[in-house]
Protein chains: 2
Amino acid sequence: MSADPRERSVRDVLAANLKAARARKSMSLSRLARLSDLSKATLSQLESGAGNPTIETVSSLARALGEPLARLLEPPARRDMAVVRAGDLAPLTGEGACLRHYGRIESGGLVCDLYEQRIGAGERGECPVREGTEHAVVQAGRLDVFVDGDRVSLGPGDYVSFDAALPHAYAAPGEPVRSVLLVNLPREVP
Amino acid sequence: MSADPRERSVRDVLAANLKAARARKSMSLSRLARLSDLSKATLSQLESGAGNPTIETVSSLARALGEPLARLLEPPARRDMAVVRAGDLAPLTGEGACLRHYGRIESGGLVCDLYEQRIGAGERGECPVREGTEHAVVQAGRLDVFVDGDRVSLGPGDYVSFDAALPHAYAAPGEPVRSVLLVNLPREVP
DNA sequence: GAAAAGTGTGCGTTATAGCGAACGCTTGGA
DNA sequence: TCCAAGCGTTCGCTATAACGCACACTTTTC
C-alpha cells in the first residue's frame, strides 16, 4: 500500500513543509507538540517522512503553526523573477478578442492566469464557460461585460469579477479597449 | 479528541467537497472506490462526515477524482459578481505610491490582492518585504522595478513578477505611471 | 560542575482507520 | 416473474496512527 511512489511524495511534501514552517517560526518540536495537542513522538515521525497522519492531525498542526492546511500539503510555489515584454508574446487571437498570456500564479488548488486582453472597436468575444472566476481591470477604452444576461459597462480603472461558470462575454462598444484579465481556475491534476 | 469543533469541520468540509466532486463527475461510489483503491465502506463513511482519513487516503481520492488535494480539504471559494468603479475606492497613499484595492481572490492556501497602483513623476515607493509573490502590469507610463538590487524598466503592457521576500521598490523615473499590481500572499490563519 | 530544564528519538500499548463480507435496496434484462 | 448486476450502508477484524514513557543528548542556571 505504501509502495505507490505518488503516495510517498505526499508524506515527503508534508515532512518538508512541516520542517520549513517550524524553522520559519523558530519553534521547537516540543513546543509545537504542546500547542497542537499532539505527541512529540508523532511529530518526530512526521518530520522524518515516516507516518501517514490523519487530516485532523494535519489540521491541528496547521492551526498550531498558523498556516493554512493546503500550505502544509502542497509543494511550495516556485519563486523566480519573470519579465514579459508587451511585444514578446504571440497573441492568441480568438473570436473578437486578442489575448496575450503574461504568466501564471499557482496557489493551493487553483491557478490564476494573467492576460492582456485587447478587443477591437465594435467587436465582441464570447468566452468559454468554465469552473472558476474571472477578473478584469480596464486599462483604456470602454469595456462591456455580459454575465448571465446582465451587462456592466466599465471605463478605465474599473474592475469586475464574476463566476466564470455563468455564460459571459466581453465587448468593445465604441473604441478599441485594452484590459488586464485574470482567469482563476481549479488546477488540473498535476 | 474528536470533541474539538474545529477538527469536526475539517471532516465536514471534506465530506461536502467529496460528495460535490463525485456528483460533478457523476461517478458512483463503487466506481470511485475501484479507481482510488479504497473500499466502499471507507468512502461511505467519509461522505457521511464520519471517519478521519489519512492524507494518503485523501491523496488517492484526489488522484482518482482528478482534483487537486487542496480542493478537497478547503471550503469552496465564494463566487459572486463584484464591480469596483475607478473612483469608488479611497486610495491607500503610501510613501510615493498610491494603491486602490480592487478585490481579493482566495485560492487554496494563498490570497491574491489586486490593486491599481499610481506613482507620481519622479517618486519611488519602497514595499514591505513579505512572503509571497508580486506581479505588475504597466498600464501607462514607464515603471522602474527594483528587486534585490536589480532594476527592470517596464513600458505599457509589460509585465513582471518576483519574489516579494526580496527587498523591492517601484519608481516612476519620468512621467506618472499607472499599473495593475497583484500581491500573492500566504493566507493568514482564518 | 552537578542539577535542572530543554531538545529530539526510540520503545510497547491502545484507540481507530481501512478492509472484506454480508446486507437491503433499486434497476433492467430475459 | 425471477434473477443478475449495480448501488450505498453496516459490521467485525486487522493493521496502524497516535499516545505515554523512557532514553540520550545539549543547553541553561546557580
Side-chain angles (χ1 to χ4, degrees), chain A residues 1-65 67 69-70 72-73, chain B residues 1-65 67 69-70 72-73:
Chain A
M1 182 146 302
S2 60
D4 188 342
R6 293 290 294 265
E7 301 199 347
R8 175 155 267 257
S9 85
V10 186
R11 306 183 180 201
D12 293 342
V13 167
L14 175 68
N17 287 341
L18 193 51
K19 286 171 97 159
R22 190 165 68 82
R24 198 180 307 129
K25 303 212 159 33
S26 59
M27 189 185 294
S28 78
L29 189 145
S30 307
R31 178 166 159 69
L32 179 57
R34 257 174 279 129
L35 283 177
S36 61
D37 275 317
L38 297 171
S39 73
K40 288 193 295 175
T42 301
L43 294 190
S44 180
Q45 282 202 7
L46 292 188
E47 289 200 354
S48 75
N52 174 21
T54 67
I55 57 171
E56 294 202 346
T57 299
V58 181
S59 176
S60 295
L61 227 38
R63 196 174 65 247
L65 284 166
E67 298 268 355
L69 219 170
L72 288 179
L73 293 175
Chain B
M1 181 146 304
S2 61
D4 188 342
R6 294 289 296 263
E7 300 200 347
R8 176 156 267 259
S9 85
V10 184
R11 306 182 180 202
D12 293 344
V13 167
L14 175 67
N17 287 341
L18 193 51
K19 286 170 98 161
R22 191 165 66 83
R24 198 180 308 131
K25 303 216 158 34
S26 60
M27 189 184 293
S28 78
L29 189 146
S30 305
R31 180 166 155 69
L32 179 57
R34 257 174 279 129
L35 283 177
S36 60
D37 276 318
L38 298 170
S39 74
K40 289 194 294 176
T42 300
L43 295 190
S44 179
Q45 284 201 6
L46 292 187
E47 289 200 355
S48 74
N52 174 21
T54 67
I55 57 172
E56 293 202 346
T57 299
V58 181
S59 175
S60 294
L61 226 38
R63 195 174 64 249
L65 284 166
E67 298 268 354
L69 219 171
L72 289 179
L73 293 176

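Each chain gets a letter, A, B and so on, in the order its sequence line appears, and its residues count up from 1. The shown structure was predicted, so the numbers you read here are calculated from the model rather than taken from an experiment.
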Heavy-atom contacts under 4.0 Å between residues 17-35 of chain B and DNA chain C, which residues?
none

Interatomic distance, NZ@B:K25 vs CZ@B:R31, rounded to 0.5 Å, equals 11.5 Å

With side chains defined as the heavy atoms from C-beta onward, is the minimum distance between A:L18 and A:L65 less than 4.5 Å?
yes

Report which part of the nucleic acid A:L38 touches: base, sugar-phosphate, or nothing (heavy-atom distance under 4.0 Å, all strands).
sugar-phosphate

What residues, two or more places apart in sequence or in another chain, satisfy side-chain contact (heavy atoms from CB on, under 4.5 Å) together with A:S39?
A:A41, A:T42

Can you give each donor-acceptor pair under 3.5 Å made by side-chain atoms of residues 47-55 of chain A, sequence neighbours left out, with the distance rounded to 0.1 Å?
| residue | atom | partner | partner atom | Å |
| --- | --- | --- | --- | --- |
| A:E47 | OE1 | A:R22 | NH2 | 3.1 |
| A:E47 | OE2 | A:R22 | NE | 2.7 |
| A:S48 | OG | A:Q45 | O | 2.8 |
| A:N52 | OD1 | B:T54 | OG1 | 3.4 |
| A:N52 | OD1 | B:E56 | N | 3.3 |
| A:N52 | ND2 | B:T54 | OG1 | 3.1 |
| A:T54 | OG1 | A:T57 | N | 3.3 |
| A:T54 | OG1 | A:T57 | OG1 | 3.1 |
| A:T54 | OG1 | B:N52 | OD1 | 3.4 |
| A:T54 | OG1 | B:N52 | ND2 | 3.1 |

Respond yes when some side-chain nitrogen or oxygen of B:T57 is under 4.0 Å from OP1 or OP2 of C:dG18, and no when none is.
yes

Pick base, sugar-phosphate or nothing for B:S39, based on heavy-atom distances below 4.0 Å to the nucleic acid.
base

For B:N52 and B:K40, take the nucleotide of DNA chain C holding the closest heavy atom to each; which residue's nucleotide lies nearer the 5' end?
B:N52

Euclidean distance, atom CG of residue B:L61 to atom P of C:dC19 [Å, nearest integer]:
11 Å

Which pair of non-hydrogen atoms, one from A:A15 and one from A:L46, has the smallest distance, and what is that distance?
CB-O, 3.4 Å

Determine: side-chain N/O of B:S44 to OP1/OP2 of D:dT10, distance under 4.0 Å, yes or no.
no

OP1 or OP2 of C:dC19 under 4.0 Å from side-chain N/O of B:T42:
yes

Hey, what do you get for OG (A:S60) to CG (A:L32), rounding to the nearest 0.5 Å?
10.0 Å

